[in-house]
> 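Here it is: the structure, laid out below.
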Amino acid sequence: MKLLHSYSRIFQRSLHYKYDPLNIAFFGSGKFSVASLNKILDLQKRCPEKISTIKVITRTIKPSGRYMKTFSELPASEFAIKHNIPILRADSSNDILQLVESNDFNLTIAVSYGKLIPAAFLNNCKYGGLNVHPSLLPKYSGSSPIQYALLNDDKTTGVTVQTLHPTKFDHGNIVAQSEEMEIDDADDFDSLSERLAQRGGVLVSDVIDKGLFLDACVPNTYQRSLAPKIDKSKSQALWRSYTARHIKRLYDALGPVYTFINTRTKKKGRLVEEKKRVILSSLTEMDRERNDIQLHQPGDFTLAKDGLCIKCREGLILVQKIKLQTRANESPEKFMGSYQKTVGDTPQHFID
């Protein structure tokens, strides 16, 4: 309730502050940035007297894929090309600073750009800079707020528009915050990111429309916590330590999880024992009322009618895709059907 009152108070600042027509330097890269860019473009079309120009600053296209021969635009630059928005390329602080000489920017907006905008660039902009961050700052400051909200099984989250701090990420003044947004049980990173991106786009458009960036005066309501980049090792399913709910949220936040299995197979007539990685995807939490599955130890698994069932510290999960090391993705039926050949006579048990 406290946040709802705060949210209402933000938008009761109905006075539209006057400001010069904006020449916006929009720094973006990922899909999350496109929603904000789209809403700002809509505002420019409705109110050209408020936004004179928008230019997108994004990274140089890098080769990817097999043999590093594929060149793909980032989502922000794809959108810019489609809507005839000028694109500038910048990969370093020096690249960004060089843009000052040939452009007359007076407001910087950075959304999922991934690099700190140099203080000298911000100082050259009359109205400084804004950032759209997918959490209710200062909670979950850092690069992975959506993942942490899912990993911690939070019930709500939100979006913040803050000023860009000249030397630190997520230390700006709060300009506006959304209401608390419910995190659904069915949410994963993609679905939650999309909802937060859309809400963030509306929020930053309102901030620009009403000139609220001239008066960043919203008090902090939450305690500061960090959401740093998550190492890939955190994707391991630890059967003895994690509940089924935890592993489901791990999958929602980070994508496919991995585990290990002991194998005992013959190679060239010799018995070879190995520990192999197994990647699990299309994962759901199993109905707690099911009593037709009899598994004893965390990590034990069996083929059920609706997937591969695995016992956790508490509860069970179902998996629809299994990728044993050196093999392609398989259905539970195919994985279990070739178990003797690919795994050997070892117990049906994943290890931490």
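Here the structure is a predicted model, which means the values were calculated and not measured.
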> Describe, in one word, how the ring planes of Tyr339 and Phe335 are oriented to each other, choosing from parallel (under 30°), tilted (30 to 60°) and perpendicular (over 60°).
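It falls in the perpendicular class, over 60°.
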> Among residues at least two apart in sequence or on other chains, which ones pass salt bridge (charged side-chain N to carboxylate O under 4.0 Å, His left out) with Asp187?
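For Asp187 the salt bridge (charged side-chain N to carboxylate O under 4.0 Å, His left out) partners, ignoring immediate neighbours, are Arg195.
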> Looking at Glu179 and Arg199, does any basic side-chain N land under 4.0 Å from a carboxylate oxygen?
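Yes, charged N to carboxylate O under 4.0 Å.
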> Between Leu212 and Asp206, does the side chain to side chain contact (heavy atoms under 4.5 Å, CB included) criterion hold? Intermediate values first, please.
CA-CA 8 Å; Leu212 300 182; Asp206 284 342; 5.8 Å; no
> Donor-acceptor pair, distance only, cut-off 3.5 Å: does the side chain of Asn38 make one with the backbone of Val34?
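Checking the backbone N and O of Val34 against the side chain of Asn38, no donor-acceptor pair under 3.5 Å is found.
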> Less than 4.0 angstrom from a charged side-chain N to a carboxylate O is my criterion; do Asp95 and Arg89 meet it?
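Salt bridge: no.
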> For Asp190, give me all partners under salt bridge (charged side-chain N to carboxylate O under 4.0 Å, His left out), at least two apart in sequence or on another chain.
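Not a single residue meets the salt bridge (charged side-chain N to carboxylate O under 4.0 Å, His left out) criterion with Asp190.
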> Does Ser143 reach the main-chain N or O of Lys229 with its side chain, forming a donor-acceptor pair under 3.5 Å?
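Side chain of Ser143 to backbone of Lys229: a pair is present.
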> Sequence neighbours excluded, which residues qualify as side-chain hydrogen bond (donor to acceptor under 3.5 Å, both in side chains) partners of Asn262?
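Listed in chain order: nothing, the list is empty.
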> Measuring from atom CD of Gln236 to atom CD1 of Ile247, what distance do you get when rounded to the nearest 0.5 angstrom?
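Taking CD in Gln236 and CD1 in Ile247, the distance rounds to 10.0 Å.
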> Strictly by modelled atom types, are Asn94 and Ser92 linked by a side-chain donor-acceptor pair under 3.5 Å?
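Absent: no donor and acceptor within the cut-off.
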> Test of understanding: with side-chain hydrogen bond (donor to acceptor under 3.5 Å, both in side chains), list the residues that count as partners of Arg46, not counting sequence neighbours.
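Once residues adjacent in sequence are excluded, Arg46 has no partner under the side-chain hydrogen bond (donor to acceptor under 3.5 Å, both in side chains) criterion.
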> To the nearest 0.5 Å, tell me how far Arg264 CZ sits from Asp345 CG.
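Here the interatomic distance stands at 4.5 Å.
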> Backbone N or O of Lys334 within a donor-acceptor pair of the Ser338 side chain at under 3.5 Å?
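Yes.
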> Has the side chain of Ser112 got a donor or acceptor atom that lies under 3.5 Å from a matching backbone atom of Phe32?
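Checking the backbone N and O of Phe32 against the side chain of Ser112, no donor-acceptor pair under 3.5 Å is found.
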> Under the rule for side chain to side chain contact (heavy atoms under 4.5 Å, CB included), what residues qualify as partners of Cys309, not counting sequence neighbours?
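Testing Cys309 for side chain to side chain contact (heavy atoms under 4.5 Å, CB included), a comparison that skips the adjacent residues, returns Met286, Ile293, Leu295, Thr302, Ala304, Leu316, Leu318.
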> Determine whether more than 12 heavy atoms belonging to other residues, nucleotides or ligands lie under 6.0 Å from atom NZ of Lys323.
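Check passes, neighbour count above 12.
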> Is there a donor-acceptor pair under 3.5 Å between the side chain of Ser178 and the backbone N or O of Val159?
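Looks like yes, one N/O pair under 3.5 Å.
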> Applying the side chain to side chain contact (heavy atoms under 4.5 Å, CB included) test to Ile208, which of Leu203, Val161, Ile51 qualifies?
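One option only clears the test, and that one is Ile51.
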> Using atom types as modelled and distance alone, determine if a side-chain donor or acceptor of Asp188 lies under 3.5 Å from a backbone N or O of Ser191.
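Between the backbone of Ser191 and the side chain of Asp188 there is a qualifying donor-acceptor contact (under 3.5 Å).
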> Should the pair Arg245-Asp185 be classified as a salt bridge under the 4.0 Å nitrogen-to-oxygen rule?
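Asp185 and Arg245: salt-bridged.
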> Start with the C-alpha gap between Gln44 and Leu41, add the side-chain angles, then the distance that decides, and say whether side chain to side chain contact (heavy atoms under 4.5 Å, CB included) holds.
CA-CA 5 Å; Gln44 183 190 33; Leu41 181 62; 3.5 Å; yes
> Do NZ/NE/NH1/NH2 and the carboxylate oxygens of Asp153 and Arg249 come within less than 4.0 Å?
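Yes, Asp153 and Arg249 are salt-bridged.
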> Which residues pass the side chain to side chain contact (heavy atoms under 4.5 Å, CB included) test with Lys168, sequence neighbours left out?
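Counting only residues at least two positions away or on another chain, Lys168 forms a side chain to side chain contact (heavy atoms under 4.5 Å, CB included) with His165, His171.
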> Could you measure the distance from the CD atom of Glu182 to the NZ atom of Lys155? Nearest 0.5 Å is fine.
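Those atoms lie 9.0 Å apart.
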> Once side chain to side chain contact (heavy atoms under 4.5 Å, CB included) is applied, do any residues pair with Thr263, and if so which ones, sequence neighbours excluded?
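Applying side chain to side chain contact (heavy atoms under 4.5 Å, CB included) to Thr263 gives Ile261, Glu274, Lys276, Val343.
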> With side chain to side chain contact (heavy atoms under 4.5 Å, CB included) as the test, would you mind laying out the steps for Asp154 and Lys139 before giving the verdict?
CA-CA 12 Å; Asp154 290 353; Lys139 184 177 182 180; 3.6 Å; yes
> Do Ile230 and Ile146 belong together in a cluster built from hydrophobic side chains that touch within less than 4.5 Å?
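Different clusters: Ile230 never reaches Ile146 through Ile, Leu, Val, Met, Phe, Trp or Tyr contacts under 4.5 Å.
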> Report the residues that fulfil salt bridge (charged side-chain N to carboxylate O under 4.0 Å, His left out) with Asp42, sequence neighbours left out, ordered by chain and then residue number.
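With neighbours one apart ignored, the set is empty.
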> Could you check Lys311, Gln348, His349 and say which one makes a side chain to side chain donor-acceptor pair (under 3.5 Å) with Asp300?
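With Asp300 as partner, Lys311, Gln348, His349 yield a single side chain to side chain donor-acceptor pair (under 3.5 Å), made by His349.
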> Would you say Thr58's side chain and Gly28's backbone share a donor-acceptor pair under 3.5 angstrom?
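Yes: the side chain of Thr58 pairs with the backbone of Gly28.
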> Can you measure from CE (Met336) to CZ (Phe301) and round to the nearest 0.5 angstrom?
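Going from the CE atom of Met336 to the CZ atom of Phe301 covers 5.5 Å.
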> Out of curiosity, Cys47 SG to Asp209 CG, how far, rounded to the nearest 0.5 Å?
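The distance works out to 5.5 Å.
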> Does anything in residues 74-104 pair up under ring pair (Phe, Tyr, Trp, His ring centres under 6.0 Å), and if so which pairs, sequence neighbours excluded?
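As it turns out, the ring pair (Phe, Tyr, Trp, His ring centres under 6.0 Å) pairs with a partner in residues 74-104, which skip direct neighbours, are Phe79-His83.
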> Which residues, ordered by chain and number, are linked to Val202 in its hydrophobic cluster, where ILVMFWY side chains connect at heavy-atom gaps below 4.5 Å, directly or through other members?
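In the cluster with Val202 there is nothing else; it is isolated.
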> With a cutoff of under 4.5 Å between side-chain heavy atoms, which Ile, Leu, Val, Met, Phe, Trp and Tyr residues group with Tyr113?
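Same cluster as Tyr113: Phe27, Ile57, Leu88, Ile96, Leu97, Leu99, Val100, Phe105, Ile117, Phe121, Leu122, Leu164.
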> Going by the side chain to side chain contact (heavy atoms under 4.5 Å, CB included) test, name the single residue among Leu22, Val111, Ile85, Val204 that passes it with Ile40.
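Answer after filtering Leu22, Val111, Ile85, Val204: Val204.
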> Applying side chain to side chain contact (heavy atoms under 4.5 Å, CB included), name anything that partners Thr259, two or more places apart in sequence or on another chain.
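Side chain to side chain contact (heavy atoms under 4.5 Å, CB included) check on Thr259 returns Trp239, Val278, Leu280, Phe350.
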> For the backbone of Ala110 and the side chain of Asn131, can you confirm whether one donor and one acceptor N or O come within less than 3.5 Å of each other?
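Between the backbone of Ala110 and the side chain of Asn131 there is a qualifying donor-acceptor contact (under 3.5 Å).
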> Could you give me the CA-CA distance, side-chain angles and deciding distance for Cys125 and Leu107, then say whether side chain to side chain contact (heavy atoms under 4.5 Å, CB included) is met?
CA-CA 5 Å; Cys125 293; Leu107 177 67; 5.7 Å; no
> Strictly distance-based, threshold 3.5 Å: is any side-chain N or O of Arg313 a donor or acceptor partner for the main-chain N or O of Ser241?
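Yes.
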> So, taking the atom named NZ in Lys55 and the one named CG in Asp104, what distance separates them when rounded to the nearest 0.5 Å?
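CG of Asp104 is found 9.0 Å from NZ of Lys55.
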> Tell me if a side-chain donor or acceptor on Thr160 pairs with a main-chain N or O of Gln177 at a distance below 3.5 Å.
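Between the backbone of Gln177 and the side chain of Thr160 there is no qualifying donor-acceptor contact (under 3.5 Å).
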